[in-house]
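Okay, structure first, notes after.
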Amino acid sequence: MEYTLNCNGRLLNLCEPQVMGILNVTPDSFYAASRQQTEEGIIQRTHQIINEGGTIIDVGACSTRPDSTPATEQEEIQRLRFALNIIRKEVPDAIVSVDTFRPDVARMVVEEYGADIINDVGAPATPHLLPLTSLEMFHMVSRLRVPYIYMSRQATMYDILIDCAQATDQLRMLGQKDMIIDPGFGFGKTLEQNYQVMNELERMEILQLPILVGVSRKSMIYRTLNCQQEEAKNGTTVLHTLALMKGASILRAHDVKEAVETIRIVAATQMQSTSNSRL
């Protein structure tokens with residue numbers, strides 16, 4: 001299906017999959033190479049994402065890796081203000097997503113820095129039950145009128161579909177227009193469940209919303225390959241390929257160039273397949 005996102009008056013067309021480049025301004029994100037806490041590092045990573053073909057810069061200031069202690073809200077705000085000031089100065093027209101589960105942080109980055117998308121990984125872990133924090137975020141993003149990424153922490157595709165359907169129904173009732181759904185690889189799932197969700201990813205198309213896939217260098221790769229995160233680039237590309245063939249619209253990636261190249265190769269293959277079917 002064809003989708004567009006209204007990013008502060010600019011339309012982002014998702015008829016071709018897009019790459020969301022990761023820029024973490026944290027000291028403890030799970031992949032050390034993604035951490036940028038200096039002005040020079042943030043500038044370098046920002047331009048790298050754009051130059052390698054990324055169309056969205058996803059800025060995170062509070063690690064959500066397993067067993068981490070989340071930064072306080074004030075720490076998260078300070079980190080984001082530091083990073084967003086630099087990013088907006090360097091690439092003022094870039095589409096910026098902010099990775100946060102806190103409604104007041106979402107409000108700050110949209111109102112003060114014109115953040116284009118809110119990427120929320122604060123979804124509930126209990127099936128079919130939306131906690132107060134999620135409802136507060138739903139009210140906030142629907143008031144801010146920015147595209148919103150809802151991530152499910154459910155363990156099976158059955159529960160992910162119910163969870164996402166319930167969440168998007170709530171959001172629509174509040175007037176939210178642009179929504180993206182994320183099956184939440186690495187959140188609330190065993191290794192085997194992560195792969196089962198990937199195997200069934202095309203089932204999410206029934207919700208008729210763009211699908212974001214975030215598998216970049218995650219433990220489902222390096223545990224399977226018995227390697228380190230630094231050696232998980234090839235495994236990431238394999239899963240990106242599968243995700244694209246199963247309907248993913250956005251790849252959230254550390255390795256932007258490789259993700260962009262994967263999209264091009266899969267698109268060329270699908271175009272050839274379409275041409276052959278017409279013969």
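Since the model is a prediction, treat every value here as computed from it, not as a measurement.
- In this structure, Arg79 contributes its side chain and Ala71 its backbone to no donor-acceptor pair below 3.5 Å.
- Residues Pro103 and Met140 share a closest heavy-atom pair of O-CG, 3.5 Å.
- The line from CG of Asn85 to CD1 of Ile42 is 10.0 Å long, rounded to the nearest 0.5 Å.
- A donor-acceptor pair under 3.5 Å is formed between the side chain of Glu75 and the backbone N or O of Thr72.
- Checked for salt-bridge contact, Lys257 and Glu52 miss the test: no charged N lies under 4.0 Å from a carboxylate O.
- Note on residues 185-199: no pairs pass salt bridge (Lys or Arg N to Asp or Glu O under 4.0 Å), not counting sequence neighbours.
- A distance of 8.5 Å separates CG of Asn194 from CZ of Arg223, quoted to the nearest 0.5 Å.
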Val96 vs Ile87, test: side chain to side chain contact (heavy atoms under 4.5 Å, CB included). Steps then yes/no. CA-CA 9 Å; Val96 174; Ile87 294 167; 4.0 Å; yes

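- Using a 4.5 Å heavy-atom threshold, the side chains of Ile57 and Ile95 count as separate.
- Using a 4.0 Å cut-off between charged side-chain N and carboxylate O, Glu111 and Arg143 make a salt bridge.
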Distance-only check: which donor-acceptor pairs under 3.5 Å involve side-chain atoms of residues 10-20, not counting sequence neighbours?
unit_1	atom_1	unit_2	atom_2	d
Arg10	NH1	Asp93	O	2.3
Arg10	NH2	Asp116	OD1	3.0
Asn13	OD1	Cys15	N	2.8
Gln18	OE1	Thr55	OG1	2.9
Gln18	NE2	Asn13	O	3.4
Gln18	NE2	Glu16	O	2.8

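- Residues Met220 and Val238 do not share a hydrophobic cluster, clusters being chains of Ile/Leu/Val/Met/Phe/Trp/Tyr side chains in contact below 4.5 Å.
- Side-chain N/O atoms of Tyr195 and Thr224 include a donor and acceptor closer than 3.5 Å.
- Side-chain contact between Asp58 and Leu23 is absent, with no heavy atoms from C-beta onward closer than 4.5 Å.
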Evaluate Tyr222 against Glu231 for side chain to side chain contact (heavy atoms under 4.5 Å, CB included), listing each step before the verdict. CA-CA 8 Å; Tyr222 62 78; Glu231 303 170 293; over 6 Å; no

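- Checked by atom type and distance alone, the side chain of Lys246 never pairs as donor or acceptor with a backbone atom of Glu200 at under 3.5 Å.
- Side-chain contact between Arg252 and Ser216 is absent, with no heavy-atom pair separated by less than 4.5 Å.
- A donor and an acceptor atom, one from each side chain of Arg45 and Gln48, are located under 3.5 Å apart.
- Between the side chains of Tyr148 and Asn119, not a single donor N or O lies within less than 3.5 Å of an accepting N or O.
- Side-chain contact check for Glu39 versus Phe82: some heavy-atom pair is nearer than 4.5 Å.
- Within the structure, side chain to side chain donor-acceptor pair (under 3.5 Å) contacts touching residues 172-185 (residues at least two apart or in different chains) do not occur.
- Residues Gln196 and Thr156 have side chains that never bring a donor and an acceptor to within less than 3.5 angstrom of each other.
- For CD1 of Ile265, the number of neighbouring non-hydrogen atoms (other residues, nucleotides, ligands) closer than 6.0 Å is 12 at most.
- Here Leu135 contributes atom CG and Gln170 contributes atom CD; the two are 5.5 Å apart, rounded to the nearest 0.5 Å.
- Shortest non-hydrogen contact noted between Ala232 and Ile221 is CB-CG2, 3.8 Å.
- Using a 4.5 Å heavy-atom cutoff, the side chains of Tyr150 and Asp163 are in contact.
- More than 12 non-hydrogen atoms from other residues, nucleotides or ligands lie less than 6.0 angstrom from CG of Asn51.
- A salt bridge is absent between Glu261 and Arg264; no separation between the charged side-chain nitrogens and carboxylate oxygens falls under 4.0 Å.
- Ile206 is connected to Val197 through a chain of hydrophobic side-chain contacts under 4.5 Å among Ile, Leu, Val, Met, Phe, Trp and Tyr, so both are in one cluster.
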Could you go through the side chain to side chain contact (heavy atoms under 4.5 Å, CB included) check for Met151 and Asp120 one step at a time? CA-CA 6 Å; Met151 192 198 79; Asp120 182 7; over 6 Å; no

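- In this structure, the separation between OG1 on Thr46 and NZ on Lys89 is 12.5 Å, given to the nearest 0.5 Å.
- The CG atom of Leu174 sits 11.0 Å away from the CG atom of Asp169 when rounded to the nearest 0.5 Å.
- Atom CD of Gln74 has more than 12 neighbouring heavy atoms from other residues, nucleotides or ligands inside a 6.0 Å radius.
- One finds the CD1 atom of Ile49 at 8.5 Å from the CD1 atom of Ile22 (value rounded to the nearest 0.5 Å).
- In the model, Thr262 has no side-chain atom that pairs as donor or acceptor with a side-chain atom of His240 under 3.5 Å.
- Put simply, the side chain of Thr241 reaches to within 4.5 Å of the side chain of Val266, judged on heavy atoms.
- Side-chain contact between Thr236 and Glu258 is absent, with no heavy atoms from C-beta onward closer than 4.5 Å.
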Does the side chain to side chain contact (heavy atoms under 4.5 Å, CB included) test come out yes or no for Ile77 and Arg81, once each step is laid out? CA-CA 6 Å; Ile77 287 173; Arg81 283 184 169 143; 3.5 Å; yes

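- Here the closest non-hydrogen pair linking Met198 and Leu239 is CE-O, 3.9 Å.
- Under the 4.5 Å side-chain criterion, counting only non-hydrogen atoms from C-beta, Cys62 is in contact with Arg102.
- Across every non-hydrogen atom of Ala259 and Ala253, the tightest pair is CB-CB, 4.0 Å.
- Nearest heavy-atom pair across Ala115 and Asn8 is O-ND2, 3.4 Å.
- Considering every non-hydrogen atom in both Cys164 and Leu207, the closest pair reads CB-CD1, 3.6 Å.
- Each of Ile117, Ile181, Val141 was evaluated against Ile149; a single residue qualifies, Ile117, per the side chain to side chain contact (heavy atoms under 4.5 Å, CB included) test.
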